[in-house]
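Scroll down for the structure; my scribbles are underneath it.
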Amino acid sequence: DGGITQSPKYLFRKEGQNVTLSCEQNLNHDAMYWYRQDPGQGLRLIYYSQIVNDFQKGDIAEGYSVSREKKESFPLTVTSAQKNPTAFYLCASSNLGNEQFFGPGTRLTVL
Amino acid sequence: GQNIDQPTEMTATEGAIVQINCTYQTSGFNGLFWYQQHAGEAPTFLSYNVLDGLEEKGRFSSFLSRSKGYSYLLLKELQMKDSASYLCAVKGGTGRRALTFGSGTRLQVQP
């Protein structure tokens, strides 16, 4: 089945640790995106990539890093520089100009 | 910059019709999307408007007026399962290929 997978579903991190969230898609989409959602809020764009080996900062990129070495994969690293990382993280993909399809999300909690 | 406004919460009765409004201000415009998001889940695509007018898809319809920076999502024959958040998202002009989301409207359908 075609789709987007994110792992893990739940993730716990100690303060000061870096952690990487996985996002894989087999839809052959060119573009991939990372969003953050806080309780009762909409989605805020962290990073996006329109093509392999290229990515752009979104509205809240500070404290995050990404890579796009393969078309299918767009991992997000939450670094210790991100002061308030507890949130629901959503990955999405699309062909440029079309609707975005979302993965199931990763809920990150900092202990 | 981009700004999107939606009501925070709405309540409606099963079997009724509800209209969820969205106003936006963007630098450039390349389409408006509506997504449905159940609590704790990923958003799912509902509709896309790029030209003025009404798009109908079953019980759901979406309207766009580009000159007024206004859209609405119309839900007919409401069912209990329609209780969810509804997110309005705008695709901006050149240089911004990702979506900007509103904060979402939480709809509660009552018996």
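All heavy atoms count here, side chains included; hydrogens, waters and symmetry mates do not. Small disclaimer: the values here were computed from a predicted structure and weren't measured. Chain A is the first sequence line, chain B the second, and so forth, proteins listed ahead of strands; every chain is numbered from 1.
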Heavy-atom distance under 4.5 Å to chain A: side chain of Gln6(B), backbone, both or neither? neither
Gly103(A) and Ala42(B) have their tightest heavy-atom pair at O-CB, 2.9 Å
Tell me, yes or no, whether the heavy-atom count around Gln110(B) atom CD, taken from other residues, nucleotides or ligands under 6.0 Å, exceeds 12. yes
Hey, quick one: are Leu51(B) and Tyr70(B) part of the same hydrophobic cluster, counting side-chain heavy atoms closer than 4.5 Å, chains of contacts allowed? no
Check each atom of Arg44(A) against the heavy atoms of chain B and say whether the ones under 4.5 Å are side chain, backbone, both or neither. neither
For Leu45(A) and Phe101(B), run side chain to side chain contact (heavy atoms under 4.5 Å, CB included): C-alpha distance rounded to whole Å, both residues' side-chain angles, the deciding distance at 0.1 Å, then the answer. CA-CA 9 Å; Leu45(A) 182 68; Phe101(B) 283 81; over 6 Å; no
Would you mind telling me which of Cys88(B), Ser85(B), Gly40(B) has the largest number of heavy-atom pairs within less than 4.5 Å of chain A? Gly40(B)
Find out if a path of hydrophobic residues (ILVMFWY) with successive side-chain heavy-atom gaps under 4.5 Å connects Val78(A) to Val110(A). no
How about Gln100(A) and Tyr35(B): do any of their side-chain heavy atoms sit closer than 4.5 Å? yes
When you look at CG of Leu54(B), are more than 12 heavy atoms from neighbouring residues, nucleotides or ligands closer to it than 6.0 Å? yes
Within the structure provided, determine whether Leu87(B) and Leu43(A) are in side-chain contact (heavy-atom separation under 4.5 Å). yes
Are any non-hydrogen side-chain atoms of Thr44(B) and Phe101(A) less than 4.5 angstrom apart? no
Heavy-atom proximity to chain B below 4.5 Å, by part of Gln56(A): neither
Under 4.5 Å between side-chain heavy atoms, hopping through other hydrophobics if needed: is there a path connecting Leu90(A) to Ile60(A)? no
Mind checking whether Phe102(A) and Phe45(B) have ring centres under 6.0 Å apart? no
Report yes or no: do Phe63(B) and Leu75(B) belong to one cluster of Ile/Leu/Val/Met/Phe/Trp/Tyr joined by side chain heavy-atom distances under 4.5 Å? no
When you group the ILVMFWY residues by side-chain heavy-atom contacts below 4.5 Å and let the links chain together, are Val18(B) and Leu74(B) in the same group? no
List the atom of Gln37(B), the atom of Phe88(A), and the distance in Å for their closest heavy-atom pair. NE2-CE2, 4.2 Å
Sort out for me which of Pro43(B), Ala39(B), Ala89(B) touches chain A most, counting heavy-atom pairs under 4.5 Å. Pro43(B)
